[in-house]
Every structure is written in structure tokens, then in C-alpha cells.
Amino acid sequence: MKIPSTMPFFRENDIHEISEELQKILRNGRLILGPYTREFERNFREYCGVKHAVAVSSCTAALEIVLRYFDVKGKEVIVPTNTFVATSNAVVYSGGTPVLVDINPDTLCMDPRALIENITPETKGVIIVHIAGIITPEIEEIKQICKDMNLFLIEDDAHAHGAMINGQKAGSLADAGCFSFYPTKVMTTCTGGMITTNDDGLADYAISLRHHGVGKDLENIVNLGNDWLMDEISALLGIYQLKALEDNVKRRNEIARGYAEYLENIEQIELFTAPPNIRYSYYKYPVVLSRNIDKKKLIGKMESEYGIHLGSAYDPPSHLQPAYQKVFGYKKGMFPKAEGILKRVVCLPMFVQMTDEQIKYVLQSFEKVISNILIEEGRVNDSKYPSTELSAVAGIFL
Ligand SMILES: Cc1ncc(COP(=O)(O)O)c(C=O)c1O
């Protein structure tokens, strides 16, 4: 038995209802821009507490549309280095230059000090990424900096469906939010994305751009757009995934509490704990390993000995990706805080349908691997778990 780092989840009853609705879509032949897309958008904007939600084909498309609206051509956009490259790639494809900056190791999010240091007369705006579903308490400071310096602020919400700060949902915290519904995410439409905003102009622009720049009809093209539509079948999946989102985020938080209760007692691990006014979505469950643990070895042993796949958030960060080094000249050592922390971060498996036995198995395997690595390296001389005890647990799954 293998335990993946993440997995999509559809409730049995939802699978049944989706199958029925799918037949209706196939019979009536309306495959784009129909009632399912409209319903998904209406429900999503109500869930996030914003005026508009515009469904698109991916988060990357959402980001590019919003960046084009803010006219970043020839300008700089500040992006944290620890994100998936899609965030900064969208700046490039919108004609701008991504300026990567360092992060706060305590939050894994953009460091407001690094933001201030990198603002130039060419800076047009900022993208904040709620990495792993963590909203940084420093978002208030980041918002204030953007306001004072007249910069737009976009949330990359690819990880943050259902995350909240002071009761306000991710997607409603900045000028625009860009969500991903890629299969690994907190909710999925297979592939897909959503723009959330209170800006009427942006909503109109997004509706045009996602469909080749359509004006009053396709004979009247008013913008240079692209094929960035969400189809009706994806929207149908989105409607059901959104209905389940609150329950699913609660379950993710429950799993996280189970993880935390156990891991708090392990000296070699540090956790990211949400302050009382913030709810993480727990797209991922990142932990920080002490410096004396070889991360590569730990990931390898978890996979080969226990069938458990660990994730990352993100290592290597964007500035160490070969393409970014080649095109923009980024080098190792430029963002010491990100480099220092990310090489010590691993993410434990996190998916809604994880059983309590699987959670226990992950935790005990993790502790065992850590203690074995320390023994092998001569740092301690005894394992807390005798191997027979753990293999009894492992036997359930392997
Ligand atoms: C932080 C972040 N931003 C953007 C994206 C791009 O999302 P999509 O695949 O929907 O374009 C991803 C996808 O993994 C992501 O993790």
C-alpha cells in the first residue's frame, strides 16, 4: 500500500449526482459558457465574499489575465521565490519582468522587508502566494506597503481555497485572487482556475480575454485574448467540489491537529502553527527538519521503506530553477532565508480521505526514519521504536 502526498476527493453521493448531471450536459450539447459555469461562478463569489468570480482554464491563465489588466508590459512585478514557476511565468507572458524576493522563514511567505527593498520606479505590483495554504499575518503590512506605494496586489490562491484571516476568505484579500483547480489542489475541476475581484473593470476584461477578446460577440473582437475558457463539465465538478469545501478544509485542519499533537514531541521538527485569527487551508502540511537531518535521505527512506511520498513547498525555489538562472541570471545565495529554510522543509501527506490509521502510520514511520538517520550518523545510539513495533503498524498498509 502506498500513501501519496496528495489526492483528489469526491464524496460518493456527489459522484452519483455528478454522473446524472453529466448526462444532461452531454444531451443538451451546451459545453461552454452555460448554466453550470454561471452557477459555479455565482457560488464561488458568494463563498469568497467578493463581487465577481470569473472561471477560466487554469490559475496560470487567471494570473496572466489579471496581470494584463494591470498592464505590466515593460514593468516589474514582485513575486516570492518559493512558489511554483507558474506565478512568475505569468508575469513574463504578460510582458513584465518578475522580480523574485526572499521570504520570511517563519511563514514561508513573502517577507515585507524584502518587498520594500525591491521596489523601484519600475515596480507596478506584487503577487503574494499563500504557500501550502498558509496566510501570513504580515499580509496586513504587505497590503499597506502596496497602498502607500500605489502598487496592485494579487493573491496567488492556488493553495488557499477556504483559508481565512479575521473571517475573510482568501480571494477577497487583495485587488484580485487567482485560484487553481489542478488535480492536486484543495478542490479540483481536473484543470481549471478562477479570478475573484471586486473590480467591475477587471471582471469585464477577464470575460473578454478568456474567450479570444470577445466583445458583444465573436465577430467583434475588442481585446487580444486567448482560449482560456472553463468548460461546462469542469464547472459541474467545481460546483460539487465547492459544496464539499468547508467540510474538506475542516477535515484537513483535523488531520493537521492530529499531526501537530504527535510531532510537537519530536525535538527534530518545527511546525507552522496558525495564529487564532487565521485558518490555513492545509493544502500541504509543511514541517521544518532540524539541520542535522539529511532531507534527501529522509524522503528516500520514507518512500522506499514505508511507501510514503513526501511533498515540497518549494525546493528548489524559482530562482534556483535552471530556466530562471539562464534567462534572468539568478544565482545560488541570492535569497539566503528561502534557501536556508526550504532545504529543511518537507510536507507530510495531506488528503481528505486519509484514515486515522494512515495518519498514525505516517507519523510513526516519520519518527522512525528520523531516529534511524540519527543512529546511522552516530548522533544517537538507540531507536525509540523497536522495529517489530513499527512493522506491526506497517503491516496494515504494505
Ligand atoms: C502557487 C501556484 N501558482 C500557480 C499554479 C498554477 O496553477 P494551474 O496549474 O492551475 O495553472 C500552481 C500550480 O501548481 C501553484 O502551485
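This is a predicted model, so every value here is computed, not measured. Start at 1 with the first residue, then count along the sequence.
Shown here for R279 and G162, the closest heavy-atom pair between the two residues is NH2-O, 2.8 Å. C59 and D156 get closest at one heavy-atom pair: SG-OD1, 4.0 Å.
Between the side chains of E138 and N104, at least one donor-acceptor pair of N or O atoms lies under 3.5 Å. Of the N and O atoms on the side chains of D315 and S312, not one donor lies less than 3.5 Å from an acceptor on the other residue. Counting only N and O atoms by type, the side chains of Q144 and D148 include a donor and acceptor under 3.5 Å apart.
Judged by distance alone, the side chain of E17 and the main-chain N or O of E21 form no donor-acceptor pair under 3.5 Å. Under the 3.5 Å distance criterion, the side-chain polar atoms of R344 are left unmatched by any main-chain donor or acceptor of I293. Side chain of Y259 to main chain of V362: no donor-acceptor pair is present (N/O by atom type, distance under 3.5 Å, no hydrogens or angles). At least one donor-acceptor pair closer than 3.5 Å links the side chain of S281 to the backbone N or O of H159. Between the side chain of T81 and the main chain of P317, no donor-acceptor pair closer than 3.5 Å is present. A distance-only check finds a donor-acceptor pair linking the side chain of E339 to the backbone of G333 [under 3.5 Å]. For the pair T197 (side chain) and D175 (backbone), a donor-acceptor distance under 3.5 Å is present. Checked by atom type and distance alone, the side chain of E155 never pairs as donor or acceptor with a backbone atom of V129 at under 3.5 Å. Side-chain N or O atoms of Q241 include one that pairs as donor or acceptor with a backbone N or O of T188 at under 3.5 Å. Without hydrogens or angle criteria, N118 side chain to A114 main chain gives a donor-acceptor distance under 3.5 Å.
Ion pair R38/E232 not flagged as a salt bridge, since none of the NZ, NE, NH1 or NH2 atoms sits closer than 4.0 Å to an Asp/Glu carboxylate oxygen. The pair E41-R210 meets the salt-bridge criterion, with a side-chain N (NZ, NE, NH1 or NH2) lying under 4.0 Å from an Asp/Glu carboxylate O. A salt bridge between R113 and E117 is absent, with no side-chain N of the basic residue lying under 4.0 Å from a carboxylate O of the acidic one. Ion pairing of K297 with E303 is absent here, as no side-chain N (NZ or NE/NH1/NH2) approaches a carboxylate O to less than 4.0 Å. With respect to the salt-bridge test (charged N to carboxylate O, under 4.0 angstrom), the residues K337 and D111 qualify. One finds no salt bridge joining E357 and K360 here, because no Lys/Arg side-chain nitrogen approaches an Asp/Glu carboxylate oxygen to under 4.0 Å.
By the 30° and 60° cut-offs, the orientation of the rings of Y306 relative to Y361 is perpendicular. Below 30°, between 30° and 60°, or above 60°: for F152 and F70 the angle between ring planes is below 30°, a parallel geometry. Using cut-offs of 30° and 60° on the angle between ring planes, the pair F179 and F44 is perpendicular.
Both V346 and Y314 belong to a single network of hydrophobic side chains, linked directly or stepwise wherever heavy atoms of I, L, V, M, F, W or Y lie under 4.5 Å apart. Put simply, V214 and L209 are part of two different groups of oily side chains (I, L, V, M, F, W, Y) that touch within less than 4.5 Å, one to the next. Criterion: ILVMFWY side-chain heavy atoms under 4.5 Å apart, direct or through other members. Under it, V249 and L237 are part of a common hydrophobic cluster. F40 and I15 end up in the same hydrophobic cluster when Ile, Leu, Val, Met, Phe, Trp and Tyr side chains are linked at under 4.5 Å. Cluster membership check: I135 shares its hydrophobic cluster with F272, using side-chain heavy-atom separations under 4.5 Å among Ile, Leu, Val, Met, Phe, Trp and Tyr.
Annotation: the span from I278 atom CD1 to N166 atom CG amounts to 7.5 Å, rounded to 0.5 Å. From T87, atom OG1 reaches atom CD1 of I128 across 12.0 Å, with rounding to the nearest 0.5 Å. In this structure, CG on D217 lies 11.0 Å from NE2 on H211, to the nearest 0.5 angstrom. Atom OH of Y283 sits about 8.5 Å away from atom CZ of R252, to the nearest 0.5 Å. Interatomic distance, T189 OG1 to L242 CG, rounded to the nearest 0.5 Å: 11.5 Å. Separating the CE atom in M187 from the OG atom in S180 is a distance of 10.0 Å, to the nearest 0.5 Å.
By the 4.5 Å heavy-atom criterion applied to side chains, D157 and L173 are not counted as neighbours. Contact of the N248 side chain with the V186 side chain is not registered, since no non-hydrogen atoms from C-beta on lie closer than 4.5 Å. In this structure the side chain of P112 reaches within 4.5 angstrom of the side chain of I145, judged on heavy atoms.
Within a 6.0 Å sphere centred on CZ of F328, other residues, nucleotides and ligands contribute more than 12 heavy atoms. Under a cut-off of 6.0 angstrom, the local environment of CG in L218 is crowded, with over 12 non-hydrogen atoms contributed by other residues, nucleotides or ligands. The 12-atom threshold is not exceeded at NZ of K343, counting heavy atoms of other residues, nucleotides or ligands nearer than 6.0 Å.
Side-chain rings of F84 and Y182 stay apart, their centers remaining 6.0 Å or farther from each other. The ring of H319 has its center closer than 6.0 angstrom to the ring center of F335.
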Check the pair V56, M230 against side-chain contact (heavy atoms from CB on, under 4.5 Å), reporting the backbone distance first and the verdict last.
-> CA-CA 5 Å; V56 291; M230 174 177 283; 5.9 Å; no
Report the C-alpha distance between S5 and L310 in whole Å, list the side-chain angles of each, state the deciding distance to 0.1 Å, and finish with yes or no for side-chain contact (heavy atoms from CB on, under 4.5 Å).
-> CA-CA 5 Å; S5 58; L310 300 180; over 6 Å; no
Candidate pair L100 and S88, rule side-chain contact (heavy atoms from CB on, under 4.5 Å), full reasoning = CA-CA 8 Å; L100 300 176; S88 40; 4.2 Å; yes
Under the side-chain contact (heavy atoms from CB on, under 4.5 Å) rule, what do I78 and L151 come out as? Steps first, then yes or no, please.
-> CA-CA 10 Å; I78 297 179; L151 306 174; 5.6 Å; no
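For the side chain to side chain contact (heavy atoms under 4.5 Å, CB included) with V126, the qualifying choice from I154, V77, L153 is L153, the only one to do so. Each of D199, D200, D204 was scored for a side-chain hydrogen bond (donor to acceptor under 3.5 Å, both in side chains) with H52, with one residue passing: D200. Screening N89, V66, V72, D71 against S94 for a side chain to side chain contact (heavy atoms under 4.5 Å, CB included) leaves a single residue, V72.
Note that K185 lies outside the cation-pi zone of Y282, set by a 6.0 Å cut-off to the ring centre and a 45° limit from the axis. Cation-pi contact between K169 and Y47: present, with separation from the ring centre below 6.0 Å and deviation from the ring axis of at most 45°.
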